[in-house]
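What follows is a single structure, written as structure tokens, with notes after it.
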Amino acid sequence: MKTASLRKELQYNEDKVSITVMMETETAKEIRILFRKGQTMKEHKAGYPITVEIHQGSITFGAAGEKMTLETGDLIALDANVPHDLLAEEDSIVRLTLSKLDTVERVKKVLE
């Protein structure tokens, strides 16, 4: 059994999004992404399907040329290789579920 908390030990960065690996299982990696209002993740793609949950806050989520507002409790799943970007409309906690085959380093490179 493994446990983690999306709400404990929150360390926001003022200059860029904060990424923390919360847990790895046999099939997935659970990532917490902390956004300050106005912070972004530029357009990028994942080589495997992903699921994004807005745990707290509000995010403008762009996917395949469409923009939508996702708020606390909303989920979105994307197939592999779908271009997407994120903009925090307020301070936000986002949970990202990656395939075990994907890498956290790929996600961190989006912030460079």
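Two residues are said to be in side-chain contact when any heavy atoms from C-beta on lie closer than 4.5 Å; L70 and M68 meet this criterion. A heavy-atom distance below 4.5 Å is not found between the side chains of N81 and D79.
Judged as a salt bridge (Lys or Arg N to Asp or Glu O under 4.0 Å), the pairs with a partner in residues 1-23 (not counting sequence neighbours) are, in order, E14-R36. For residues 52-99, the pairs satisfying ring-ring contact (aromatic ring centres under 6.0 Å, His included) are H44-H84, F61-H84, with sequence neighbours left out. The salt bridge (Lys or Arg N to Asp or Glu O under 4.0 Å) contacts involving residues 59-73 comprise K67-D85, where partners must be two or more places apart or lie in separate chains. Applying the ring-ring contact (aromatic ring centres under 6.0 Å, His included) rule to pairs touching residues 91-112 yields nothing, sequence neighbours excluded.
Residue L87 is found outside any hydrophobic cluster, as its side-chain heavy atoms come under 4.5 Å of no other Ile, Leu, Val, Met, Phe, Trp or Tyr. The other members of the hydrophobic cluster of L101, by chain and number, are Y48 (side-chain heavy atoms under 4.5 Å, ILVMFWY only).
Under the rule for a salt bridge (Lys or Arg N to Asp or Glu O under 4.0 Å), E26 has no partner lying at least two apart in sequence or in another chain. Contacts of E90 classified as side chain to side chain donor-acceptor pair (under 3.5 Å), with partners at least two apart in sequence or in another chain: none. Among residues two or more places apart in sequence or in another chain, the salt bridge (Lys or Arg N to Asp or Glu O under 4.0 Å) test is passed with R32 by none. Considering only residues two or more places apart in sequence or on other chains, E89 meets the side chain to side chain donor-acceptor pair (under 3.5 Å) condition with T60. K37 meets the side chain to side chain donor-acceptor pair (under 3.5 Å) test with no other residue; sequence neighbours excluded.
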For residues 105-112, please give each side-chain donor-acceptor pair under 3.5 Å, one per line with the distance, not counting sequence neighbours.
{"from": "R106", "atom 1": "NE", "to": "D102", "atom 2": "OD1", "distance (Å)": "2.8"}
{"from": "R106", "atom 1": "NE", "to": "D102", "atom 2": "OD2", "distance (Å)": "3.3"}
{"from": "R106", "atom 1": "NH1", "to": "K45", "atom 2": "O", "distance (Å)": "3.2"}
{"from": "R106", "atom 1": "NH2", "to": "D102", "atom 2": "OD2", "distance (Å)": "2.9"}

